[in-house]
A.B. asks: 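Below are the structure tokens for one structure; questions will follow.
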Amino acid sequence: MKLSFWFLDINTEKEDNRPEVQIWGITEDGKRVLLLDRGFVGSFFAIPRNLSPDEAARKISAIKGVEKTEITRRKHLGKEVDVIRVYVKDPDEIDEVAKRVSKMEFVEGCYGHDIRYSMQYMFEKGISPSGWFEVEVEEEKNRNARVDGIFRIIGDFKRVDKNYLPGLRIMAFHCVLIGEKGSPDPERDPVIAISVLGDDVRTFTGEEKEILSSFVNYISSFDPDIIFSYGANKRDWDYLVRRAKANGIYLDVGRVKSEPHTSVYGHVSVTGRANIDLMDFAEDLYEVKLKTLENVAEYLGLGRPDDIEEHELREMKEKGDIDSIAEFSRRRVYLIREIGDKFIEYAVQLSQIVGLPLDHVASAAVGFRVEWFIIREALGRGELIPQRKEVSAETYVGGMVLSPRPGIHSNVAVLDFASMYPNIMVLNNISPDTYIPPDEEVPQEECNIAPEVGHRFRKEPPGLYKEILRKLLSARKEIKEALAKVEENSAEHKLLAAREKAIKVIANATYGYCGWIGARWYMKPVAEATAAWGRYTIGKAMEIARKMGLEIIYGDTDSIFVKYDTGKVNKLLEEIKRELSLDIKLERIFKRIIFTEAKKRYAGLLEDGTIDVVGLEFVRGDWPKVARDAQKKVIEIVLTEENVENGIRRAKEYVSDLISKMKAGEIPLKHYIIWKEITKSAEEYKARAPHVEVARIMREKGWRVQPGDKVGYVVVKGSGKLYQRSLPYFMVSVEDVDIEYYIENQVIPAVMRVLSPLGVKELGVATGGLADFF
DNA sequence: GCTAAGGAGCTACCG
DNA sequence: ACCGGTAGCTCCTTAGCG
């Protein structure tokens, strides 16, 4: 029979010592199905040297674990080569076999053995997750799984052209874990509550064993396709599994009997379901500095629940106030679900484009998302997949940044090259497979030669990157055109917007990818040449602007800021396009804009009245709220006040008023917290610094502080270095705060940053410091 | 012995 | 576990002073 399904997830298992691919799908009429394939044999490729392919294949066939070999042709960085395809029956042995083959003196190298079995399967069969497929199957009667049907795959897959999702069953969950002291410890602290939200909401409290088994039961009866959480990959899943074990329960939440288990990219897999930790997507929200569930929900316009601190939860628990705890958890499980709704469309599109299952693509870092996309494209071109190599990092020169003209300017136009790096790569055919090593002689007219660095790339044939990027860029263009014709807020619009964003992310990361030493296609000259052409491009654009008599105020990598003169700017855009064959756009116009002496920092007022702050303290997460807010207010005043002197006067008044409030203790403690990330383990720090010292104090008090965590601290009164008088914020009350420090070292620098370019030398306000005394 | 200058270390930003 | 360019803080060492 033919089965048509939407591809949710894939994994491989061993059944009776034989590898089995398991594909989890959903049919048009809402049946959950499991498709099995035991017939697939994994393989890799070996390039022979100094020996005929026949002979090499014969010798390789004799190696233990090799099922069979075949001679075929592939491309190796664009060059056609004879290769031996080596099939290995047991997926667990493929690495070993490849290692043995690599060591044979007639083998130049092995390729593709480090591609996971399930990925090999998808590539070979021409399928990818999060899309619709049709395949010939037979019913499998002797197997058990929690689905509506189990089938053996007996035919080839056919892509079905459907552009919508099946009816997915989606649930969210939220756990309340409370540490007796410090961070909750699965060895000691029981699970207090779990909230689930599927087609109804439940909060399980009481006996831990009951909580956990209710959770398992809920999942098995609701049977979700997607499970949303916030932070569960790092914390909850492992905690729950361990607490379940302590209670003699098996946390059986998959579609076959299984516990959640750690898989690639720090991801936790739940067999047959897509486990999506929304914290992974929150990482992309760079505007949210502290990625708490509450902050992310607020940012996404979902409202903000009451902030409840750890110690408040602990007090609720001690008082036996289970109702408050349940309410806390229930509010959050709703938010998790709503955040999930905001991301699901994007996640599906990303999964389709990258070709990784929904749950994997969510947790994969940008570099791997790009890489899997490239792998799929490369295989389509008959390319071998390079192995990751251990290479040492070599730096190269990047983008060009202009020193700004400090001060306040009016009517400034920002001109941006559209997707500059990707377009430069396409234009010059920059790619690992078109790169010409220095020792190779190629006629100059057949090469594109990078400025400054001199790297050469073949003009023909089109390289891997060129084709990939051309596809992405044109797909994006088409989507943008379609978007303009579709009604906003419609389902179609959402889908297109999500797809457009997913494509943009991949295209823009390709340049960074090729200069990443962990990349399979790492090649420094590729990155270096792209950056060099970028500098050339922006330099040329500025030259043209100058010749036209336009005043250049600033520029960074792919943008130039010029005094806005409509006629000249339009002409400039045309001229640049003509001369450089790259698209440049008038991106925005600032009515007024302030630059300091520093690069990458400015604040401007746009025509629609919004204010854009770039690089300054206001957008930095490691400055306390009191200083950030003050700077924002001062920016608002001086940008919107027509008369600069009036603006300065009002700003000074505002700051003076704020300082009085600070001294009077009217500013809440929260506004004094400085958040900084702990980026490495304690031993690795060479310097004594406030946040490092605070992390140490927290650890002593039973908190788990790991690399990647942010610690919040406050500088308190006392003597000595800052690191000697910084404390975790929860150990401080507002009377302890060193207000002087915050005035002199936080608020004043932040506001002066904006005011000094306007000629303000000092605030002339009573700061309470030594200056006042004299 | 004190201080200003400058460098090292660090984090978070821009495009 | 995408890149390089950049600012600006805190801590710490050292050159310069006399």
Side-chain angles (χ1 to χ4, degrees), chain A residues 264-266 283-284 286-287 289-290 363-371 373-374 388 393-404 414 416-422 505-524 526-532 534-535 538 554-561 587 595-602 612-624 627-628 674-680 684-693 707-708 710-711 715 720-726 741 744-746 749-750 752-753:
Chain A
V264 281
Y265 315 124
E283 296 297 330
D284 298 340
Y286 58 89
E287 278 162 292
K289 307 297 168 183
L290 198 61
S363 59
V366 178
F368 292 106
R369 290 177 185 169
V370 171
E371 186 148 85
F373 176 76
I374 298 178
R388 241 178 268 290
E394 277 184 86
T395 58
Y396 63 90
V397 184
M400 176 161 74
V401 192
L402 218 66
S403 283
V414 183
D416 256 12
F417 281 98
S419 303
M420 188 178 78
Y421 284 148
V505 166
I506 301 296
N508 286 349
T510 303
Y511 155 71
Y513 171 83
C514 71
W516 169 42
I517 56 165
R520 288 175 187 268
W521 278 276
Y522 168 71
M523 200 178 268
K524 192 183 118 177
V526 169
E528 193 169 36
T530 306
R535 293 192 299 277
I538 199 75
Y554 178 61
D556 185 351
T557 311
D558 60 354
S559 67
I560 51 177
F561 291 52
E587 198 60 41
F595 280 99
T596 71
E597 303 263 333
K599 297 169 175 178
K600 296 186 183 282
R601 319 185 102 208
Y602 55 86
D612 196 15
V613 182
V614 178
L616 295 169
E617 284 73 6
F618 173 68
V619 297
R620 294 187 60 102
D622 58 349
W623 282 69
R628 296 169 63 190
I674 298 166
W675 291 93
K676 272 204 171 90
E677 189 183 317
I678 293 295
T679 60
K680 47 195 161 191
E684 286 172 282
Y685 276 102
K686 290 180 195 156
R688 307 201 74 169
H691 71 297
V692 180
E693 207 58 19
K710 280 198 168 145
V711 297
V715 177
K721 303 283 178 206
L722 281 185
Y723 68 81
Q724 291 165 315
R725 50 197 184 92
S726 297
Y741 168 80
E744 295 286 346
N745 296 71
Q746 300 287 340
M752 282 307 287
R753 195 89 57 214

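Chain A is the first sequence line, chain B the second, and so forth, proteins listed ahead of strands; every chain is numbered from 1.
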A.B. asks: Out of dA7(C), dT10(C), dC2(C), which has the shortest distance to the side chain of Trp516(A)?
C.D. replies: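 For the Trp516(A) side chain, the nearest candidate turns out to be dC2(C).
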A.B. asks: Between Gly621(A) and Arg628(A), what is the shortest heavy-atom contact and its length?
C.D. replies: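 Smallest interatomic distance, heavy atoms only, reads CA-NH1, 4.3 Å.
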A.B. asks: Under 4.0 angstrom, heavy atoms only, what part of the nucleic acid is Arg535(A) near: base, sugar-phosphate, or nothing?
C.D. replies: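 Contact class for Arg535(A): none.
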A.B. asks: With sequence neighbours excluded, what pairs up with Arg520(A) under the salt bridge (charged side-chain N to carboxylate O under 4.0 Å, His left out) test?
C.D. replies: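 Arg520(A) satisfies salt bridge (charged side-chain N to carboxylate O under 4.0 Å, His left out) with Asp114(A), Glu371(A) once adjacent residues are dropped.
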A.B. asks: So what does Tyr741(A) hit on the nucleic acid, given a heavy-atom distance under 4.0 Å: a base, only sugar-phosphate, or nothing?
C.D. replies: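 Contact class for Tyr741(A): sugar-phosphate only.
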A.B. asks: Side chains of Arg369(A) and Tyr513(A): does their closest heavy-atom pair fall under 4.5 Å?
C.D. replies: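 No - every pair of side-chain heavy atoms lies 4.5 Å or more apart.
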A.B. asks: Rounded to the nearest 0.5 Å, what's the gap from OH on Tyr421(A) to OG1 on Thr510(A)? Could you check?
C.D. replies: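 Reported to 0.5 Å precision, the distance equals 13.5 Å.
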A.B. asks: Could you tell me how the ring of Tyr511(A) sits relative to the ring of Tyr396(A): parallel (under 30°), tilted (30 to 60°) or perpendicular (over 60°)?
C.D. replies: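 The rings of Tyr511(A) and Tyr396(A) stand perpendicular, inter-plane angle above 60°.
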A.B. asks: Can you tell me how far P of dC2(C) sits from OH of Tyr522(A), to the nearest Å?
C.D. replies: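 Nearest whole value for this atom pair: 15 Å.
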A.B. asks: Roughly, in whole Å, what's the span from CZ in Arg628(A) to C1' in dC9(C)?
C.D. replies: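 Between C1' of dC9(C) and CZ of Arg628(A): 16 Å.
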A.B. asks: Does a side-chain N-to-carboxylate-O contact under 4.0 Å join Lys600(A) and Asp556(A)?
C.D. replies: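 Salt bridge: yes.
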A.B. asks: Base, sugar-phosphate, or nothing for Ala598(A), non-hydrogen atoms under 4.0 angstrom?
C.D. replies: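 Sugar-phosphate: the residue Ala598(A), judged by heavy atoms under 4.0 Å, touches backbone atoms but no base.
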A.B. asks: Return the value, rounded to whole Å, for the distance between atom CH2 of Trp521(A) and atom C1' of dC2(C).
C.D. replies: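 Distance check: Trp521(A) CH2 to dC2(C) C1' gives 15 Å.
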A.B. asks: Is it the case that the side chain of Arg725(A) and the backbone of Val715(A) share a donor-acceptor pair, with hydrogens and angles ignored and the cut-off at 3.5 Å?
C.D. replies: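 Pair absent, no side-chain N/O of Arg725(A) close to backbone of Val715(A).
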A.B. asks: dC9(C) C1' sits how many Å from Arg688(A) CZ, rounded?
C.D. replies: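 Result: 18 Å.
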A.B. asks: Gly512(A) near the nucleic acid: base, sugar-phosphate alone, or nothing, with a heavy-atom cut-off under 4.0 Å?
C.D. replies: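 If one applies the 4.0 Å heavy-atom cut-off, Gly512(A) turns out to touch a base.
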A.B. asks: Sugar-phosphate atoms are those with a prime plus P, OP1 and OP2; base atoms are the rest. Using that split, label each nucleotide of nucleotides 9-15 of chain B B, S or - for protein heavy atoms under 4.0 Å, 5' to 3'.
C.D. replies: SSBBSBS
A.B. asks: Toward the 5' end of DNA chain C, which comes first, Asn508(A) or Gly399(A), by nearest nucleotide?
C.D. replies: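 In this pair, the answer is Asn508(A).
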A.B. asks: Could you state the atom-to-atom distance from CD of Gln724(A) to P of dC11(C) in whole Å?
C.D. replies: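 Rounded to whole Å, this separation is 8 Å.
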A.B. asks: Calculate the interatomic distance between Glu283(A) atom CD and dC2(C) atom P; express it in whole Å.
C.D. replies: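 So the two atoms are 11 Å apart, to the nearest Å.
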A.B. asks: Atom CG of Leu402(A) and atom C1' of dG5(C): how far apart are they, to the nearest Å?
C.D. replies: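 Roughly 13 Å, once rounded to whole Å.
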